[in-house]
Amino acid sequence: MKKTVFLGSLAAAGLAAGVASATTLEDVQAAGVLKCGVTTGLVGFAAPDANGNWEGFDVAVCRAVAAAVLGDGNAVEFVPTTGKTRFTALASGEVDLLARNTTWTFSRDVDLKFTFVGINYYDGQGFLVRKDLGVSSAKELDGATVCIQTGTTTELNLADFFRANGISYEPVPIETNAEAQQQYLSNACDVYTTDASGLAATRATFEDADAHMLLPEIISKEPLGPLVRHGDEQWSDIARWTLNALISAEELGVTSANLSEMAKGTNNPEINRLMGTEGNLGEMLGLEADWAQKAIGVAGNYGEIFEANIGESTPIGLARGLNAQWTQGGLIYSPPFR
């Protein structure tokens, strides 16, 4: 009898612990806001406008997830993080999602115990220099001073590149893009190195952008994407499939302009499942049937978000390149919604 009571007590304690341990989805819904970690400011990707409203390519991912979960793309608390502080912010629960031009690597996935939910930008590390420096290749940078963000993959990439080419450099450590920009423009460093997309975004803010150029070398693979903590599969599924919804919407021709029409039903079963008018995908995630509609409704599909924030018609001027849909020769691809 005592054994039965003891086991019963353990079961009750375990049940109580399970009840007390809320999921990330429950935490976000209870708070009524998604806490999203972003960069401290990188125009086109994540930066506050003149009124303090955050906007950009990565910001759009945060807003899409908030819309899917809370029905409101504005229900986001943006938490600026540096290369050093971003992982602590996510691991500690200070943020629910990190969408901050972060490279998916083995150690970050396995050792730091984060789950990358997809890739929203395929990038590579590049070099920004003043044209009057008189170089046309990164291999000509022997002895240069280089501004580099600490706590990033770019540190190791830079060391590897210079060592492989038998040249030396003097690092100028910086923590934020704003600090890098200030140091670079004040000639404290000859070169600024980071992801090529970030360099293009930074250069676009310069008063005399034409006086600066990106060197031709891309020295690394930098698959950038949003990430969450290990251990909450429902939450990682929600973040992953929200990003996939934006990508699939572009492939399937669902846009901000025709979203309401598509939501009435189409002859394409995959569009209908995406819209929630067929099947029960939302229920599988623990969300409303129209979760993906809400996510797409914030800023449109992946292509619309790209063009509005960092595309060729913006000051940043990035071509789709590897970030074109797979049907257009790029790498952007979503698993099927079925």
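All residue numbers refer to positions in the sequence shown, counting from 1. Side chains included, hydrogens not; waters and symmetry mates left out as well; all remaining heavy atoms used. Computed from a predicted structure; not experimentally measured.
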Please tabulate, for side-chain N and O atoms in residues 294-301, each donor-acceptor pair with protein atoms closer than 3.5 Å (sequence neighbours left out).
unit_1, atom_1, unit_2, atom_2, d
Lys294, NZ, Asp290, OD1, 3.3
Asn301, OD1, Gly303, N, 3.0
Asn301, OD1, Glu304, N, 2.9
Asn301, ND2, Val254, O, 2.9

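Using a 4.5 Å heavy-atom cutoff, the side chains of Leu112 and Ser107 are not in contact. Two residues are said to be in side-chain contact when any heavy atoms from C-beta on lie closer than 4.5 Å; Asp58 and Asn120 meet this criterion. Residues Asn323 and Phe306 have side chains in contact (heavy-atom distance under 4.5 Å, counting atoms from C-beta outward). Within the 4.5 Å cutoff, the side chain of Gln328 has no heavy atoms near those of the Arg320 side chain. Thr105 is not listed as a side-chain neighbour of Asp109, based on a closest heavy-atom distance of 4.5 Å or more. For the pair Leu287 and Leu25, the minimum side-chain heavy-atom distance is below 4.5 Å. Leu141 is listed as a side-chain neighbour of Leu215, based on a closest heavy-atom distance under 4.5 Å. Between Ile174 and Thr150 there is no side-chain heavy-atom pair separated by less than 4.5 Å.
Asn101 pairs by the side-chain hydrogen bond (donor to acceptor under 3.5 Å, both in side chains) definition with nothing, not counting sequence neighbours.
Ring to ring, Phe206 and His212 are close: their centroids are under 6.0 angstrom apart. The aromatic ring centres of Phe161 and Phe127 sit less than 6.0 Å apart.
For the atom pair CG (Asn280) and CZ (Arg273), the distance works out to 11.0 Å, reported to the nearest 0.5 Å. Residue Phe57 holds its CZ atom at 10.0 Å from CD of Glu307, rounded to the nearest 0.5 Å. Distance check: Ser334 OG to Leu274 CG gives 8.5 Å after rounding to the nearest 0.5 Å. Annotation: the span from Gln183 atom CD to Ile148 atom CD1 amounts to 14.0 Å, rounded to 0.5 Å. The structure places CZ of Phe337 at 9.0 Å from CE of Met275, a figure rounded to the nearest 0.5 Å. From His230, atom NE2 reaches atom OG1 of Thr115 across 3.5 Å, with rounding to the nearest 0.5 Å.
Counting heavy-atom neighbours within 6.0 Å of Gln182 CD, excluding the residue itself, gives a total of 12 or less. Under a cut-off of 6.0 angstrom, the local environment of CD in Glu217 is crowded, with over 12 non-hydrogen atoms contributed by other residues, nucleotides or ligands. Environment of NZ in Lys113: sparse, with no more than 12 heavy atoms of neighbouring residues, nucleotides or ligands closer than 6.0 Å.
Looking at Glu222 and Thr153, their side chains do bring a donor and an acceptor atom within 3.5 Å of each other. Between the side chains of Thr193 and Gln125, at least one donor-acceptor pair of N or O atoms lies under 3.5 Å. A donor-acceptor contact closer than 3.5 angstrom links the side chains of Thr24 and Asp232.
Between the Glu140 side chain and the Ser136 main chain, a donor and an acceptor come within less than 3.5 Å of each other. Side-chain atoms of Asp49 come within 3.5 Å of backbone N or O of Asn53 as a donor-acceptor pair.
Nearest heavy-atom pair across Leu318 and Ala200 is CD2-CB, 3.8 Å. In this structure, Pro80 and Trp54 approach most closely via the heavy-atom pair CG-CZ2, 3.8 Å. Taking every heavy atom of both residues into account, Ser197 and Leu224 meet most closely at OG-CD1, 4.4 Å. Of all heavy-atom pairs spanning Tyr302 and Ile332, the tightest one is OH-CD1, 3.6 Å. Across all their heavy atoms, Arg100 and Gly37 have their closest contact at CB-O, 4.0 Å. Here the closest heavy-atom approach between residue Asn309 and residue Gly56 is recorded as OD1-CA, 3.2 Å.
Comment: Glu175 engages Lys84 in a salt bridge, judged by a side-chain N to carboxylate O separation of less than 4.0 angstrom. Under the 4.0 Å criterion applied to side-chain N and carboxylate O atoms, Asp237 and Arg240 are assigned as salt-bridge partners. A salt bridge between Glu77 and Arg63 is absent, with no side-chain N of the basic residue lying under 4.0 Å from a carboxylate O of the acidic one.
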Quick one: do Thr81 and Val38 satisfy side chain to side chain contact (heavy atoms under 4.5 Å, CB included)? Show the steps, please. CA-CA 6 Å; Thr81 63; Val38 291; over 6 Å; no
Report the C-alpha separation of Leu158 and Val146 in whole Å, then their side-chain angles, then the decisive distance to 0.1 Å, and conclude whether the side chain to side chain contact (heavy atoms under 4.5 Å, CB included) test is met. CA-CA 9 Å; Leu158 181 67; Val146 184; 3.8 Å; yes
Could you walk me through whether Thr277 and Met262 pass the side chain to side chain contact (heavy atoms under 4.5 Å, CB included) test, one step at a time? CA-CA 10 Å; Thr277 55; Met262 293 286 196; over 6 Å; no
Walk me through it: do Leu252 and Glu270 pass the test side chain to side chain contact (heavy atoms under 4.5 Å, CB included)? CA-CA 8 Å; Leu252 296 168; Glu270 187 159 16; 4.0 Å; yes
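Note on Leu199: it does not cluster hydrophobically with Val129, by side-chain heavy-atom contacts below 4.5 Å among ILVMFWY residues.
The one candidate from Leu322, Ile119, Leu331, Thr102 that meets the side-chain contact (heavy atoms from CB on, under 4.5 Å) condition with Pro223 is Ile119. Of the residues listed (Thr82, Thr202, Thr39, Thr40), the one engaging Asn177 in a side chain to side chain donor-acceptor pair (under 3.5 Å) is Thr202, and it is the only one.
At least one cation-pi condition fails for Arg108 and Phe116: the charged atom is not both under 6.0 angstrom from the six-membered ring centre and inside a 45 degree cone around its axis.
Below 30°, between 30° and 60°, or above 60°: for Tyr184 and Tyr192 the angle between ring planes is between 30° and 60°, a tilted geometry. Relative orientation of the Phe162 and Tyr169 rings is tilted, given thresholds of 30° and 60° on the angle between their planes.
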